[in-house]
Amino acid sequence: MTMPTLRQLEYLVTVVDTGSFTRAAEQLHVTQPALSHQIRALESTLGGPLLERLPRSVRLTPTGRAVLPHARAALAEAERLSATARRTAGLEEGELEVAVIYSVSLGILPPVLREWRRRHPGVRIRLREHSHADRLQDAMTAGRADLAIGPVPPGWTGPIRELGVEEFTVVLPADDPLAGRPGGTVALTELADRAWVHYAPDNGLADLLDHVCAQAGFRPEAAVRAEQTSAAPLLAAAGLGPALVPANIIPPHFDGTLLRPDPPVRRTLTAYTRTRPDPLTVAFTDLLARQARVGPA
């Protein structure tokens, strides 16, 4: 079924408001034949005449009188839609859906969100957290977010922006025998015989810990598996075993020992989108790139 166009509805309303095809054509900056053609097309679409052409004016038919309020409402709604789009592009209002892995929402994102709210209080951020980078990428592929923040997505064909290199730290209790050692580093092989604070299998950091320990020549035994990334450093500081965590999630005045793995454990964090991002997404990504504390201070 053919639907009326906004242009046709605008032409109808203008003819009615001016009371003349001639004056309406002048106001709309179109020729009178073009205006008449669009009105006839609208009448054909709606199944009957809308206007009665009188010698010096026009008069609405019963169908025209029924249609006119809806035409005005449709034009008003289109103007509101356009104004909303302009305000969103101008960062005055809107909503941005951001998908992240757990550690990002703990570490680098809170200060960025605080600054965003200060600058753009009318733009809401809806956060979607994922436990694994693969599920983060799947969510973006399926269109469930406007922007993803996580490790480099393998095989991604859309725009990718690097945010920085994330450093990992080993967490031990404050009274651990390795605490206070010169240089503040530890080889993972020195911890091979310990039971670790590991991660739940569906947490992407479980894969990372297994991988770096395999490179060091051992498989980490799990003393406990943390579902939430935020629990791992707390459990390690309590003495349940060493934990490998992103350094940026460690809170200030943390009651535990932090040692840098030797060799270092690092990963690059990125922000990525499916297509060329809109102004709202670009503005948030720019702020993220400037404000995010990805690596150590």
Side-chain angles (χ1 to χ4, degrees), residues 3-10 13 69-153 155-164 166 204 228-230 246 248-249 268-295:
M3 299 292 290
T5 67
L6 284 174
R7 176 190 291 180
Q8 290 170 343
L9 297 178
E10 180 186 16
V13 169
H70 297 284
R72 293 192 189 279
L75 292 173
E77 184 60 31
E79 175 54 34
R80 284 192 292 271
L81 185 151
S82 179
T84 297
R86 290 193 299 270
R87 288 193 296 271
T88 300
L91 311 183
E92 297 172 24
E93 65 179 48
E95 181 176 88
L96 185 67
E97 295 190 341
V98 179
V100 299
I101 54 173
Y102 283 157
S103 60
V104 166
S105 61
L106 289 170
I108 72 172
L109 209 51
V112 176
L113 294 177
R114 189 180 307 116
E115 180 64 15
W116 178 266
R117 184 177 180 183
R118 186 186 70 79
R119 296 186 183 196
H120 310 291
V123 180
R124 299 178 302 278
I125 302 295
R126 177 173 292 181
L127 204 59
R128 302 187 184 279
E129 296 179 282
H130 297 272
S131 60
H132 200 289
D134 289 348
R135 281 184 282 283
L136 174 69
Q137 187 171 342
D138 290 344
M140 277 300 292
T141 300
R144 293 196 290 272
D146 303 305
L147 176 73
I149 308 170
V152 179
W156 191 257
T157 57
I160 301 176
R161 182 165 179 178
E162 289 193 5
L163 301 175
E166 186 176 47
Q228 295 294 329
T229 305
S230 59
N248 56 47
I249 76 167
T268 300
L269 290 183
T270 65
Y272 59 97
T273 56
R274 287 178 299 279
T275 59
R276 185 172 65 87
D278 62 278
L280 189 58
T281 306
V282 168
F284 185 82
T285 306
D286 286 345
L287 180 65
L288 181 67
R290 291 194 304 271
Q291 298 282 331
R293 185 179 65 88
V294 176

Next on the checklist: Please list all pairs meeting salt bridge (charged side-chain N to carboxylate O under 4.0 Å, His left out) that have one or both residues in residues 102-118, counting only residues at least two apart or in different chains.
Outcome noted: E115-R118, E115-R119

Checklist entry - Does some side-chain heavy atom of V123 sit less than 4.5 Å from a side-chain heavy atom of F284? => result no

Next on the checklist: Please find the pair of heavy atoms, one from A289 and one from L163, that lie closest to each other, and give the distance.
Outcome noted: CA-CD2, 4.1 Å

Next on the checklist: Between T270 (side chain only) and E162 (backbone N and O only), is there a donor and an acceptor less than 3.5 Å apart?
Outcome noted: no

Checklist entry - Any idea which heavy atoms bring P4 and L9 closest together, and the distance? => result CB-CD2, 4.2 Å

Next on the checklist: Between N248 and V104, does the side chain to side chain contact (heavy atoms under 4.5 Å, CB included) criterion hold? Intermediate values first, please.
Outcome noted: CA-CA 9 Å; N248 56 47; V104 166; over 6 Å; no

Next on the checklist: Quick check: do I108 and P246 have side-chain heavy atoms less than 4.5 Å from each other?
Outcome noted: no

Checklist entry - Does atom CZ of R276 have more than 12 heavy-atom neighbours from other groups under 6.0 Å away? => result no

Checklist entry - Side-chain contact, heavy-atom cut-off 4.5 Å: L287 with R290? => result yes

Checklist entry - Rounded to the nearest 0.5 Å, how far apart are NE2 of H130 and CZ of R135? => result 9.5 Å

Next on the checklist: According to ring pair (Phe, Tyr, Trp, His ring centres under 6.0 Å), who are the partners of Y102, at least two apart in sequence or on a separate chain?
Outcome noted: none

Item to check | Considering all heavy atoms, the nearest S103-I249 contact | outcome: O-CG2, 3.6 Å

Less than 3.5 Å apart, which donor and acceptor atoms pair up between the side chains of residues 138-148 and the rest of the protein, not counting sequence neighbours?
residue: T141; atom: OG1; partner: Q137; partner atom: O; Å: 2.9
residue: D146; atom: OD2; partner: E97; partner atom: N; Å: 2.8

Next on the checklist: Minimum heavy-atom separation for A271 and L288, please, with both atom names.
Outcome noted: CB-CD2, 4.2 Å

Item to check | Nearest heavy atoms of V112 and Q291, plus distance in Å | outcome: CG2-CB, 3.9 Å

Next on the checklist: Give me the atom names and distance for the closest heavy-atom approach of V282 to P277.
Outcome noted: CG2-CG, 3.6 Å

Next on the checklist: Rounded to the nearest 0.5 Å, what separates atom OG1 in T5 from atom CD in E10?
Outcome noted: 9.5 Å

Item to check | Flag side-chain contact, heavy atom, 4.5 Å: S105 against L127 | outcome: yes

Checklist entry - Are any non-hydrogen side-chain atoms of I149 and L269 less than 4.5 angstrom apart? => result no

Checklist entry - If you measure from CZ on R124 to CG on L96, what distance do you get to the nearest 0.5 Å? => result 11.0 Å

Checklist entry - Quick check: does any side chain N or O of W156 sit under 3.5 Å from a backbone N or O of T273, one acting as donor and the other as acceptor? => result yes

Checklist entry - Distance from E77 atom CD to L6 atom CG, nearest 0.5 Å? => result 10.5 Å

